[in-house]
There are 2 protein chains.
Amino acid sequence: MSAEIAQAAKEPPRKRTNDPEGLRNKVLDVAEASFQAHGYHGSALGELMATAGVSGGALHHHFPTKKALALAVIEERVAAALDETWISPVRAADTAREGVRAVFEAVAAELEQQGFVRGCPLNNLAHELSLADPDFRAALAGIFAEWRQAIADKIRADQQAGREQGTDPERFAAFAVAAYSGAMSMAKTAQDASVLRDCLAELEGSPMPPFPSRAKRRRRILLRPGKP
Amino acid sequence: MSAEIAQAAKEPPRKRTNDPEGLRNKVLDVAEASFQAHGYHGSALGELMATAGVSGGALHHHFPTKKALALAVIEERVAAALDETWISPVRAADTAREGVRAVFEAVAAELEQQGFVRGCPLNNLAHELSLADPDFRAALAGIFAEWRQAIADKIRADQQAGREQGTDPERFAAFAVAAYSGAMSMAKTAQDASVLRDCLAELEGSPMPPFPSRAKRRRRILLRPGKP
DNA sequence: GACAAAACAGGACAACCGGTCTGTTTTGTA
DNA sequence: TACAAAACAGACCGGTTGTCCTGTTTTGTC
């Protein structure tokens with residue numbers, strides 16, 4: 001013990017590494033997860049600081065207010081997540097409809113694998129914050145607009161290739177986003193991802209299976225492995 | 001002033017009218033509105049008591065906890081609202097699709113008239129509370145299930161009348177609910193009800209308008225008349 | 001090395017929230 | 001009228017939350 005004190009007295013107390021960007025990202029990581037799990041009002045900055053291992057001063061230095069933190073999460077993380085799971089796959093797909101189908105199936109598969117439906121980050125925050133603050137609403141509305149525009153642009157590309165002649169790009173885009181958002185809402189509430197496949201099938205206008213009295217598709221109620 | 005004191009001293013201080021049912025309904029009214037406007041976590045019982053003109057003792061007498069109050073709002077008010085705006089109209093309609101169409105248009109017209117989109121009460125609470133508490137989730141999931149079943153039942157009735165032979169009742173119901181929920185989500189975030197009509201048109205599979213280069217449908221951004 | 005700005009630490013605080021508690025009044029019942 | 005239970009009033013409290021503030025350390029720059 002005396003050795004420790006002697007050391008502490010002699011050496012400049014100990015080193016600290018400044019890593020503003022890394023710390024900022026760490027805070028955004030934790031905030032994104034917490035907002036997704038508990039929402040904005042349900043997330044406490046204290047718990048956030050604890051799980052991120054960040055001091056109050058550091059948090060306040062990068063994000064002066066909770067609102068500023070949430071705005072950063074929306075504009076950087078939520079937008080990026082949508083880009084990764086929706087916009088990029090749709091752009092990379094052969095056609096718009098094929099892209100939408102692929103995303104629906106990929107998300108459904110992922111949800112069934114992880115056994116828990118957390119819901120769409122954008123919709124989760126949109127419902128909670130759209131009426132709470134005009135800045136929040138504007139940021140969220142912008143992301144919705146990008147989402148729809150990416151799909152509409154893909155439809156227009158299809159049309160220039162001779163396909164989708166009878167389709168209204170904007171309307172189809174709005175419809176695809178709405179179907180996905182609503183399906184995720186139900187999937188989250190029911191903790192059952194199968195509704196995503198139902199909506200995809202209906203969106204594609206697939207006919208009923210050949211055998212009239214088909215076996216009832218069993219709906220797996222997912223049980224989450226975490227806290228109550 | 002002395003007269004008042006003299007009166008107060010003589011008479012039994014003043015009358016108080018016990019009206020448990022009325023008071024309970026008044027609390028539920030205010031709570032329903034507050035949850036719709038600010039969400040569960042964003043609603044403070046103190047402000048709720050103030051606007052309802054109810055004392056803390058009275059509130060606690062009828063609803064021991066905030067959770068109990070929210071559960072009552074969900075099971076009584078939200079379910080009733082869904083019954084009024086969706087289930088009853090669909091049952092009363094000639095066909096399922098006609099009922100769905102009528103509800104979409106009625107809601108869109110109402111939103112455009114009142115100039116402000118508050119969102120779907122069920123979806124609003126579902127997003128905030130489904131992951132927060134299993135009791136909340138169960139209650140909300142039950143309402144979603146009733147909603148879908150009402151539409152599916154109507155499709156089955158149509159089928160017994162010889163219509164909708166190629167339609168899967170459950171899938172169509174899930175799809176209609178998803179499209180509506182998602183459209184309301186976007187309408188709330190954009191404060192623009194026109195997306196509801198877009199989705200309805202797409203849901204009905206209507207073809208594009210006759211004139212190829214139709215005028216752009218102007219989207220009216222609704223401005224709310226209330227607080228910031 | 002000097003120095004200013006950025007980066008970070010950590011405590012303090014005032015406001016607020018939900019729940020509890022005690023006490024009073026009203027109401028149904030006999 | 002007597003009385004118990006329900007209905008209501010209002011103050012109170014422990015805990016939490018977001019924010020602010022002061023001080024220290026690191027880093028870039030001349």
Side-chain angles (χ1 to χ4, degrees), chain A residues 7-31 34-35 37-73 128-129 132-133 135-136, chain B residues 7-31 34-35 37-73 128-129 132-133 135-136:
Chain A
Q7 274 194 352
K10 284 185 184 178
E11 302 172 0
R14 199 75 181 91
K15 276 225 172 180
R16 188 190 79 196
T17 35
N18 277 8
D19 180 20
E21 199 168 338
L23 190 144
R24 194 186 125 96
N25 280 328
K26 203 196 305 177
V27 170
L28 285 177
D29 286 341
V30 176
S34 183
F35 288 163
H38 312 113
Y40 176 79
H41 290 103
S43 296
L45 293 185
E47 191 184 326
L48 212 151
M49 284 160 43
T51 59
V54 186
S55 71
L59 176 63
H60 178 73
H61 177 73
H62 291 279
F63 307 101
T65 66
K66 190 182 183 182
K67 173 179 169 178
L69 172 60
L71 231 33
V73 168
E128 186 178 5
L129 300 179
D133 187 289
D135 295 327
F136 284 146
Chain B
Q7 273 193 355
K10 285 186 180 176
E11 301 172 359
R14 199 74 182 90
K15 277 228 171 178
R16 188 191 78 196
T17 36
N18 278 8
D19 180 19
E21 198 169 340
L23 191 144
R24 194 186 126 96
N25 280 328
K26 203 194 306 178
V27 170
L28 285 177
D29 287 341
V30 176
S34 182
F35 287 164
H38 312 114
Y40 177 78
H41 290 104
S43 297
L45 293 184
E47 191 184 326
L48 211 151
M49 284 160 44
T51 60
V54 186
S55 70
L59 176 62
H60 179 261
H61 178 72
H62 290 280
F63 307 100
T65 66
K66 190 183 184 183
K67 173 179 170 177
L69 172 59
L71 231 33
V73 168
E128 186 179 5
L129 300 178
D133 188 289
D135 295 326
F136 284 146

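Throughout, a chain's letter reflects where its sequence line sits, starting with A, and its residues are numbered from 1.
- Considering every non-hydrogen atom in both B/Ala70 and B/Tyr40, the closest pair reads CB-CE1, 3.5 Å.
- Here C/dG19 presents its C1' atom at 11 Å from CE of B/Met49, a figure rounded to the nearest Å.
- Of the possible polar contacts, none joining the A/Ser34 side chain to the A/Val30 backbone as a donor-acceptor pair under 3.5 Å is found.
- The backbone N or O of A/Gly39 sits nowhere less than 3.5 Å from a side-chain atom of B/Glu128 that would complete a donor-acceptor pair.
- Between A/Phe136 and A/Leu129, the shortest heavy-atom distance links the atoms CB-O, 3.7 Å.
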### Task
Go along nucleotides 4-18 of chain D 5' to 3' and tag each nucleotide: B for a protein heavy atom under 4.0 Å from its base, S when only backbone or sugar atoms are that close, - otherwise.
---BBBB------SS

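- For residues 55-72 of chain A, the pairs satisfying salt bridge (charged side-chain N to carboxylate O under 4.0 Å, His left out) are A/Lys67-A/Asp133, A/Lys67-A/Asp135, with sequence neighbours left out.
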